[in-house]
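I have placed the structure first, in the form of structure tokens, so that the comments after it can refer back to it.
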Amino acid sequence: MFTYSLISNNISNIKFKNFMKYLFENSTHFTLTFHSIDYDEILYENLSYFLIKNIKTFNWYRYKTLEKPLNVFVYNSNIISMNIILNTFNSLFEYHFGIEDICFFNKSKLIFGSVTHENIADLFLDFKNDIKYFKEFGNWKLTNYKLDIDFNF
């Protein structure tokens, strides 16, 4: 596996929308971390039809907490859930609510992970040459980062 980290400041506007479309089309599900369901109530309700499960964990993609567990929600990737995300957000890192730590999976394999409040985003590709599909969305750098968590859904 090859890990590429985003070195651009952000992915926004049309690049963000196209990036999200690509990820939704190539994933089976995605996750969001909700820190306050009350604050994110509209997004939470809109996505509730596609909810697979809620994971309470102290350790998620590039994120560890000691105080209280994270609320990570797993959703089906489909055209309707994609449109909810696209109609709610315009940028990867400039969130107002909800798009905290969005990750995309193909079955249990992580293909994209982010920690939005830290401006961290990584692609996990099978082939080094696959980065060519993502260059239009931002600048990426090959890194040595290895996943330290197994995702079992």
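Values reported hereafter were calculated over all heavy atoms of this structure, with side chains retained and with hydrogens, waters and symmetry mates removed. Bear in mind the structure is a predicted one, so any value in this text is a computation, not a measurement.
- Using cut-offs of 30° and 60° on the angle between ring planes, the pair Tyr61 and Phe124 is perpendicular.
- Remark: side-chain polar atoms of Ser114 are paired, donor with acceptor, to backbone N or O of Ile102 under 3.5 angstrom.
- Taking CG of Asn76 as the start and CE of Met82 as the end, the distance is 14.0 Å to the nearest 0.5 Å.
- Between the CG atom in Asn13 and the OG atom in Ser91 there is a gap of 7.5 Å [rounded to 0.5 Å].
- For Phe30 and Phe112, the distance between ring centers is not under 6.0 angstrom.
- Follow the hydrophobic side-chain contacts under 4.5 Å out from Ile79 and you reach Leu51 in the same cluster.
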Walk me through whether Leu6 and Asn139 qualify under side-chain contact (heavy atoms from CB on, under 4.5 Å). CA-CA 6 Å; Leu6 182 67; Asn139 296 319; 5.7 Å; no
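- Proximity of Leu47 to Ser81: side-chain heavy atoms (C-beta onward) are separated by under 4.5 Å at one or more points.
- Nearest heavy atom pair, residue Ser5 against residue Arg62, reads OG-NH2, 4.4 Å.
- Taken together through direct or relayed side-chain contacts under 4.5 Å among Ile, Leu, Val, Met, Phe, Trp and Tyr, Tyr44 and Ile80 form part of one hydrophobic cluster.
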Verdict with reasoning, Ile111 to Lys109, per side-chain contact (heavy atoms from CB on, under 4.5 Å): CA-CA 6 Å; Ile111 58 176; Lys109 180 184 179 287; 3.9 Å; yes
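- Judged by distance alone, the side chain of His29 and the main-chain N or O of Lys107 form a donor-acceptor pair under 3.5 Å.
- Taking a 6.0 Å sphere around OH of Tyr133, one finds it holds 12 or fewer heavy atoms contributed by other residues, nucleotides or ligands.
- Dense packing is recorded around NZ of Lys17, with more than 12 heavy atoms of other residues, nucleotides or ligands lying under 6.0 Å away.
- The ring pair (Phe, Tyr, Trp, His ring centres under 6.0 Å) with Phe134 is formed by just one residue from the set Tyr22, Tyr4, Phe2; it is Tyr22.
- One N or O on the side chain of Thr28 and one on the backbone of Phe105 form a donor-acceptor pair closer than 3.5 Å.
- By the rule that hydrophobic residues join a cluster once side-chain heavy atoms approach within less than 4.5 Å of another member, Ile14 and Leu92 end up as members of separate clusters.
- Side-chain contact between Leu123 and Asp130: absent, with no pair of heavy atoms (C-beta onward) separated by less than 4.5 Å.
- Environment of CG in Asn26: crowded, with over 12 heavy atoms of neighbouring residues, nucleotides or ligands closer than 6.0 Å.
- Between Leu86 and Lys21 the shortest side-chain heavy-atom distance falls below 4.5 Å.
- In this pair, Phe24 and Phe104 present their aromatic rings perpendicular. The plane angle is above 60°, beyond the 30 to 60° band.
- In the hydrophobic cluster analysis, where Ile, Leu, Val, Met, Phe, Trp and Tyr join through side-chain heavy atoms closer than 4.5 angstrom, Trp60 is grouped apart from Phe58.
- Contact record, Gly113 with Cys103: CA-SG, 3.7 Å, taken as the closest heavy-atom pair.
- At distances below 3.5 Å, at least one donor-acceptor pair connects side-chain atoms of Thr116 with backbone N or O atoms of Asp101.
- Taken from OG in Ser27 to CG in Leu110, the straight-line distance is 11.0 Å, to the nearest 0.5 Å.
- With a 4.5 Å cut-off on side-chain heavy atoms, Leu125 and Met1 do not count as touching.
- We find the OG1-NZ distance between Thr31 and Lys53 to be 12.0 Å, quoted to the nearest 0.5 Å.
- Linking ILVMFWY residues whenever their side-chain heavy atoms come closer than 4.5 Å, directly or via other members, places Ile52 and Leu70 in the same cluster.
- In terms of modelled atom types and a separation under 3.5 Å, the side chain of Thr3 and the main chain of Tyr145 share a donor-acceptor contact.
- The shortest distance between side-chain heavy atoms of Tyr75 and Ile85 does not fall below 4.5 Å.
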